[in-house]
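I have placed the structure first, in the form of structure tokens, so that the comments after it can refer back to it.
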Amino acid sequence: MIIHNCEQKIIKGELQVPGDKSISHRAVMLGSIANGTTVVKGFLMGDDCLNTIACFKEMGIDIEVGDDNRVIIHGKGLKGLKAPAGPLYVGNSGTTIRLLSGILAGQPFKVTITGDQSIKRRPMGRVIEPLRLMGARISGEGGDNFAPLTIKGGKLKGITYKSPIASAQVKSAILLASLYADGQTVIEEPYKSRDHTETMINYFGGMVKVEGNKIISKPVDRIEGREIWVPGDISSAAFFIVAALILDGSELIIRNVGINPTRTGIIEVLQEMGGRIEVINKRMICNEPVADIRVCSSPLKGTVIGGEMVPRMIDEIPVLAVAALFASGRTYINDAHELKVKESNRLTAICSELRKMGGGIREKEDGLTIYGDNKLKLKGAVVDSYRDHRIAMSLAVAALKACGKTEIIGFDCVDISFPGFYDVMMKVLDV
Ligand code: S3P
């Protein structure tokens with residue numbers, strides 16, 4: 001994609017972002033192993049979630065993908081999946097491979113899961129270890145740490161597991177396996193990660209209890225298909241929140257955004273930096289909190305983030321780095337090692353590409369240091385998305401503030417989480 005810029009751009013008006021990626025994946029997975037029909041409205045028709053649908057179709061689930069982002073899943077119950085004819089392919093989706101591993105750990109058949117080059121580089125030992133403790137036979141490449149994974153599931157037992165990382169994907173793999181286990185499963189996380197699996201299992205009639213950072217799951221005989229409305233993805237909204245904050249004179253409303261407190265770190269941090277962001281019309285839909293978000297351009301100041309805040313904004317750190325470039329003073333992002341093992345090494349990617357545009361940013365062992373400058377003039381450059389959707393969209397936001405021509409290589413990867421990103425951006429850009 002090429003963005004030409006010669007004068008200051010403004011963002012004005014209203015928009016909606018596509019459905020939440022995490023919730024869309026979980027709706028297909030739980031809908032497939034529930035009894036009866038699950039109707040999903042507002043489903044994210046991004047490549048990752050479509051790969052999840054394809055995997056369950058391969059296992060004999062009838063899933064209708066309709067117009068209007070509606071998906072209908074004809075669930076076959078906890079024991080209704082069939083062995084697929086060949087390996088399951090997850091593409092670029094870490095959520096699919098890790099959560100699916102949890103479900104497959106409880107199935108009485110052998111299956112291989114694989115994906116694209118990026119997936120094959122991402123750590124899988126973190127799900128293999130707890131699933132083996134539950135009794136699954138599961139192995140991977142490279143000393144059992146990488147995809148393709150081969151799983152021979154069957155009878156599982158409940159475990160008590162202290163996770164070394166605050167990862168919702170690890171927690172969810174164990175929780176999904178716990179539906180098939182004898183006895184209760186207890187998971188403890190160092191910090192709270194997103195809790196959509198817990199919420200949705202209960203919404204489908206399961207028995208998950210949360211006590212601080214501890215999650216206790218009791219096995220059930222069945223879960224029931226439900227109607228689900230998926231809110232807009234706060235991780236997608238974040239690109240427009242940051243764009244509106246840094247483009248002087250901007251005013252934007254983003255409607256129907258999920259504001260689950262395990263995901264709202266980006267709003268709190270940007271508010272703390274001085275961002276004028278209001279969360280209005282709060283309501284609960286299908287057990288998830290939803291709101292509209294109003295943003296006005298604001299002078300920002302640098303900040304420090306780390307610890308429990310990192311999992312609460314894990315996917316928004318690249319775009320936070322863009323905001324921090326235009327803040328007065330330095331921003332330190334600490335404890336963010338996990339960004340090295342996302343779709344790309346996001347610390348290296350965002351740092352090297354923003355530097356090409358003239359941004360003051362350095363990678364450090366556990367995060368980033370950003371040398372903010374409220375008078376910064378970025379310059380257009382040829383930059384690489386690393387085929388990572390969140391890097392591509394973060395660079396597009398930076399390009400709106402740059403003078404000259406920016407070319408983002410591999411921009412089509414935005415389809416993974418935000419098909420139509422460019423059109424939405426054009427709709428609210430007031431040039
Ligand atoms: C996700 C959890 C996060 C996040 C990913 C989606 C999920 O990963 O980065 O985009 O849907 O559970 P980790 O839980 O591994 O940090």
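The residues of the chain are indexed from 1 along the displayed sequence. Order of appearance sets the numbers: ligands from 1, and atoms from 1 within every ligand.
The environment of K364 atom NZ is dense: over 12 non-hydrogen atoms of other residues, nucleotides or ligands sit within 6.0 angstrom. Atom NZ of K120 has more than 12 neighbouring heavy atoms from other residues, nucleotides or ligands inside a 6.0 Å radius. Other residues, nucleotides and ligands place more than 12 heavy atoms under 6.0 Å from the CZ atom of R283.
Between R255 and E14 a salt bridge is recorded (basic side-chain N to carboxylate O distance below 4.0 Å).
In this structure, ligand 1 sits under 4.0 Å from heavy atoms belonging to K21, S22, R26, T95, S167, A168, Q169, R194, I314, D315, K342.
Using cut-offs of 30° and 60° for the angle between ring planes, the F421 and F239 rings count as perpendicular.
Residue pairs meeting the side chain to side chain donor-acceptor pair (under 3.5 Å) criterion with at least one member in residues 70-87, sequence neighbours excluded, are E64-H74.
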